[in-house]
Amino acid sequence: MDFIFLFTGMICLGEAVFMFLGKDMLIFNGTTFKQKDYDMKRLSRVEEVLFLVDAAACLALGALQLEMGYQMVCLGIVFVTLLFHGRNFSSGKYKVKHGNQSFPTGKEKKQ
């Protein structure tokens, strides 16, 4: 199990670094999510922090010999960040709104 947490922590750390560089390594590769549907600047700010928290918790679980109570805290942190990852992609807060006033279509009435 330690190897799995170490590997997951390294993947999360890599994704966080890529997000800080303005690129994506994992999120939109092999999923049904489309990058053009999301405001990447806003989403990246939140996701990079979540991936750093995931990386720290997973690396602590894999590398350190923690007592059971601390292990449960780290697992709880990973679970909560997983919920936040899902919430970010399911809520409309980070989605680009097509067809609203900020994207003129050319069919508006001129006054």
Side-chain angles (χ1 to χ4, degrees):
M1 283 302 280
D2 291 341
F3 176 74
I4 293 171
F5 285 116
L6 282 173
F7 182 72
T8 304
M10 288 185 284
I11 293 293
C12 289
L13 187 61
E15 178 66 10
V17 168
F18 272 85
M19 296 294 277
F20 275 113
L21 295 174
K23 300 176 182 171
D24 174 47
M25 180 178 74
L26 291 174
I27 297 175
F28 296 103
N29 294 329
T31 65
T32 59
F33 298 118
K34 303 292 183 219
Q35 194 168 357
K36 64 181 179 178
D37 294 336
Y38 293 92
D39 182 3
M40 288 306 296
K41 188 177 276 190
R42 291 180 67 205
L43 184 64
S44 293
R45 284 189 300 224
V46 174
E47 287 293 319
E48 62 197 17
V49 172
L50 288 176
F51 275 113
L52 281 176
V53 171
D54 281 335
C58 287
L59 289 173
L61 282 168
L64 304 175
Q65 297 295 323
L66 299 173
E67 295 178 17
M68 182 63 75
Y70 294 122
Q71 287 180 0
M72 291 298 129
V73 168
C74 288
L75 286 173
I77 290 170
V78 170
F79 180 72
V80 168
T81 58
L82 180 64
L83 292 176
F84 278 113
H85 284 297
R87 182 191 62 110
N88 289 341
F89 286 97
S90 64
S91 75
K93 185 176 181 180
Y94 300 105
K95 290 187 178 179
V96 174
K97 293 172 180 52
H98 299 288
N100 63 7
Q101 295 88 355
S102 62
F103 296 101
T105 61
K107 296 180 182 178
E108 291 85 12
K109 288 175 99 176
K110 293 185 180 181
Q111 297 180 11

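This one's a predicted model, so the numbers in the text were calculated from it and none came from an experiment.
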In terms of heavy-atom contacts, G9 and A55 come closest through O-CB, 3.5 Å
Criterion ring-ring contact (aromatic ring centres under 6.0 Å, His included) against F89, the qualifying member of Y94, Y38, F84: Y38
Specify the closest pair of heavy atoms between A16 and F51, including all atoms of both residues, with the distance to one decimal. CB-CB, 3.8 Å
More than 12 heavy atoms of other residues, nucleotides or ligands under 6.0 Å from CZ of F20: yes or no? yes
Answer with yes or no whether the hydrophobic clustering places L13 together with L64; edges join I, L, V, M, F, W, Y residues whose side-chain heavy atoms lie under 4.5 Å apart. no
Going by side-chain contact (heavy atoms from CB on, under 4.5 Å), name the residues that satisfy it together with S90, two or more places apart in sequence or in a different chain. none
If I take atom CG from residue L43 and atom CD from residue E48, how far apart are they, to the nearest 0.5 angstrom? 10.0 Å
Separation between CG (D2) and SG (C58), nearest 0.5 Å, reads 12.0 Å
When clusters are formed by joining ILVMFWY residues with side-chain heavy atoms under 4.5 Å apart, either directly or through shared neighbours, do L59 and L50 land in the same one? no
Student check: side-chain heavy atoms of R42 and K93 closer than 4.5 Å: yes
For the residue pair V96 and D39, what are the closest heavy atoms and their distance? CG2-N, 3.6 Å
So do H85 and D54 actually touch side chain to side chain, heavy atoms under 4.5 Å? yes
Using 0.5 Å steps for rounding, measure from the CE atom of M72 to the CD1 atom of I77. 12.5 Å
Using side-chain heavy atoms (C-beta onward) and a distance below 4.5 Å, is T8 in contact with V78? no
Can you confirm whether M19 sits close enough to V49 that some side-chain heavy atom of one is under 4.5 Å from a side-chain heavy atom of the other? no
Linked, directly or transitively: M68 and F5 (ILVMFWY side chains, under 4.5 Å): yes
Please examine the side chains of F79 and L75, heavy atoms only from C-beta on, and report whether any two atoms are closer than 4.5 Å. no
At what distance, to the nearest 0.5 angstrom, does CG of L61 lie from CD1 of I4? 11.5 Å
